[in-house]
Amino acid sequence: MFRSLARRRLVVLGPGGSGKTTFSLLLLLALLRTRTAGDPVPVLFSLSSFNPARECARSWLCRRLAADYPAIADAEAYGASVIEDLLTERRLIPVLDGLDELPERSRAAALASLNDTLPSHIPLVLTCRTDDYVQAVKESSVLTGAAVLEPAPVHTSDALTLLRLATPPDAPRQHGWNALAKHLKHQPQAPVAQALTSPLMVTLARSVYADGDGDPAELADSLRFSTPADIERHLVDALVPTLYRRARQQHPARNWDPQQAQGYLAQLAAEMHSQGTYDLAWWQLYRWTPTLARPWRRAWSWALLTSVALLLNTSILVVGLGAHARPEVGKWFAQSFLEVLSIVPVLGLSGLTAKRERGLTRTSAMAAAIALSGGLAAPPSAFYYYRGLPWTAPVAAIGFLCFDLWLVLLGAGLPTPPCAPNRSRPARQHWRKQLVRALVLVVGIAAISESVYVIYALAGFEGVLPRGAMPWGLVLGAVAGLSLAALDWVRAPSTADDVATATSSIQADRLITLISGAACAVVLDLPEAVVRSMPWVPSDPLRTTMIAAVIGLFHGGILGAAIALAAHSWPHYTIARLLLAARGKLPWRLQTFLTDAHRLGILRQVGPVYQFRHAHLQHHLAARCERPSRNAP
């Protein structure tokens with residue numbers, strides 16, 4: 001019937017819980033199952049992430065396609081305009097679920113944007129609650145060229161027939177369904193009869209009674225359940241404990257206690273409600289913790305973690321070097337505290353400016369400005385470390401720090417949580433192009449590095465640089481270039497084999513994060529080791545040179561790795577997950593818990609994002625979590 005429509009445009013309406021999302025999924029699967037060569041491909045989108053005030057519907061669709069299906073973003077394989085071409089040439093059928101999930105003020109604008117940017121010849125499926133669609137149409141207009149479909153209520157007899165069939169024939173619960181049917185025969189307008197006209201309520205009744213151990217005859221209690229809303233609250237409230245209780249009966253080794261699991265899910269629902277979203281995106285988890293939510297708090301949190309790492313590193317080196325290190329112990333510990341000051345403005349300013357960066361040129365300039373801010377915070381550290389030496393020594397160290405920070409920021413990106421995680425992986429495709437890019441990076445960075453050393457020598461800083469420093473510019477530049485080339489390689493476009501799931505997304509982002517951290521540690525620590533290795537104690541130049549080089553090597557590596565880790569999603573997710581688990585809000589094994597909830601049917605997965613199976617369930621759990629705080633004195 002959909003294919004027989006003149007323009008293949010359909011609006012699916014209905015009240016909450018009427019099965020609009022299920023209908024759209026069944027339609028999508030049927031279109032895929034019967035698809036022939038040349039037919040358009042249906043693709044599901046959740047409208048909850050669409051903001052018509054910031055972008056048009058067409059741009060949003062293109063952005064979501066690139067994010068959810070990264071393989072088609074390979075411009076060399078498919079062309080730079082492949083996503084636009086898929087829409088323009090009617091090769092896709094966008095299935096847009098949940099116009100009602102947008103804020104009320106945005107629905108009419110979203111509908112207008114669909115009409116303005118997606119011509120009526122482009123096929124489309126849109127779902128929305130009836131009342132919300134009617135209101136949006138009053139403020140805007142109907143979806144051009146679309147047929148409108150609305151379901152009829154479920155007949156009580158059909159619902160009871162389905163529930164009986166879903167219950168084992170010899171189960172005592174069959175008597176409960178018979179008793180309920182007898183009650184409805186005498187009171188056809190009872191609250192339970194009105195509740196069972198909704199497909200969602202029938203589904204919940206099946207989960208709680210047909211698959212559980214409860215007695216469905218209790219639904220006939222008109223004193224306990226005086227309205228359909230009471231029935232709905234009861235079924236939603238009983239759903240999660242029933243599913244987990246049955247799972248533990250089937251697998252006694254399960255660790256999730258039903259009440260504890262319901263508490264965790266309520267916390268998830270409440271946090272998602274406070275963020276105004278139906279998507280549980282793991283890379284946005286840091287927004288749930290005050291420690292990481294704001295740029296400057298995030299900067300100081302990372303500074304604290306880096307300080308701990310530097311102090312631990314210094315302690316290990318002091319123990320390892322023994323008596324040789326005792327004269328410099330106080331100096332090294334003080335240096336560790338002062339060094340961290342340089343990364344605070346780098347992380348803080350990055351969090352404030354990341355959303356405004358555009359293009360390679362502006363990104364490079366922004367990285368240079370932020371690196372300079374880190375250098376301006378370094379004088380206390382540099383002058384303390386090089387006290388007693390000519391002023392050129394700390395100035396040289398600050399200059400090298402700015403240059404190294406700039407390289408790290410170019411390689412890893414600005415140290416702030418990205419809008420989307422890395423989902424690519426090291427791939428062999430287009431290796432010739434990648435080889436050329438790598439050679440350009442290596443040669444370019446080596447030339448820039450050698451130029452920096454030459455400028456320092458011409459400016460009269462040769463006295464504070466190690467002997468024979470000029471060749472070091474080429475060597476260190478080549479090493480830094482190789483590190484940045486490795487980062488560029490692992491960020492090659494995703495392949496068609498990439499699977500967009502929460503687990504695979506975390507694994508891919510973790511891999512690239514670790515590679516980025518290691519590469520940026522190399523970029524920052526080698527120049528640091530060279531600058532620190534100046535024989536500034538004439539009485540024992542060999543020993544002091546070696547010790548200072550080791551200190552610089554490890555300290556620079558920690559600073560570079562910290563800045564690189566702060567530029568990716570996985571470290572922020574890990575810190576936020578541990579903080580929330582320590583406060584008892586989430587389980588320690590979060591992804592295992594979410595996978596289990598998905599298997600039980602409480603959550604659904606849309607690419608790397610989890611969603612509650614029903615919006616009713618999320619709202620109910622969120623209200624359940626907020627209820628105690630409202631009643632607290």
Side-chain angles (χ1 to χ4, degrees), residues 63 66-77 281-286 292 298 302 305-306 346-347 350-351 354 357 360 363 367 405 407-431 433-435 437-438 441-442 445 479-525 557-577 590-591 607-609:
R63 181 172 61 82
D68 296 339
Y69 303 91
I72 63 174
D74 186 351
E76 184 170 335
W282 64 265
W283 60 92
Q284 298 291 338
L285 198 68
Y286 75 94
L292 300 176
R298 190 163 58 241
W302 274 100
L305 293 175
T306 308
V346 172
L347 271 69
S350 296
E357 61 173 305
L360 179 60
T363 300
L405 286 175
L407 290 179
V408 168
L409 294 176
L410 282 183
L414 297 182
T416 186
C419 297
N422 292 296
R423 290 218 303 272
S424 58
R425 60 182 180 179
R428 296 179 181 177
Q429 63 175 359
H430 314 317
W431 64 270
K433 180 180 178 180
Q434 292 298 320
L435 181 59
R437 288 171 61 91
L441 276 174
V442 172
I445 298 299
V479 173
L482 287 172
S483 301
L484 297 181
L487 292 183
D488 185 66
W489 172 61
V490 299
R491 288 174 176 172
S494 300
T495 66
D497 296 329
D498 288 341
V499 180
T501 64
T503 301
S504 67
S505 178
I506 291 175
Q507 292 173 347
D509 192 84
R510 179 176 58 201
L511 173 62
I512 295 179
T513 298
L514 296 177
I515 294 175
S516 178
C520 291
V522 172
V523 170
L524 194 62
D525 65 10
I558 290 173
L559 289 173
I563 294 174
L565 293 178
H568 295 81
S569 300
W570 176 71
H572 293 92
Y573 159 75
T574 302
I575 296 173
R577 177 176 63 85
L590 177 58
Q591 287 303 317
V609 172

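In this chain, residues are counted from 1 in sequence order.
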(message) Could you go through Ile506 and Trp282, starting from their C-alpha distance and side-chain angles, then the distance that decides it, and tell me whether this counts as side-chain contact (heavy atoms from CB on, under 4.5 Å)?
(response) CA-CA 8 Å; Ile506 291 175; Trp282 64 265; 3.4 Å; yes
(request) Decide yes or no on side chain to side chain donor-acceptor pair (under 3.5 Å) for Thr306 and Trp302, but give the supporting numbers first. (result) CA-CA 6 Å; Thr306 308; Trp302 274 100; over 6 Å; no
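Taking each heavy atom of Pro571 and Thr513 in turn, the nearest pair found is CG-CG2, 3.5 Å. Summarising the geometry of Pro608 relative to Ser505, their closest heavy-atom pair is CB-CB, 3.9 Å, with the distance given to 0.1 Å. Listed here is the closest heavy atom pair of His572 and Leu292: O-CD1, 3.7 Å.
Checked options Leu514, Ile575, Ile512; the residue passing with Trp570 is Leu514 (criterion: side-chain contact (heavy atoms from CB on, under 4.5 Å)).
For the residue pair Arg298 / Thr416, a side-chain donor-acceptor distance below 3.5 Å is found, with atom types taken as modelled.
Here the straight-line distance linking atom CG of Leu285 with atom OG of Ser569 works out to 11.5 Å at 0.5 Å rounding. Considering OG1 of Thr503 and CD of Gln591, their distance stands at 5.5 Å, rounded to 0.5 Å.
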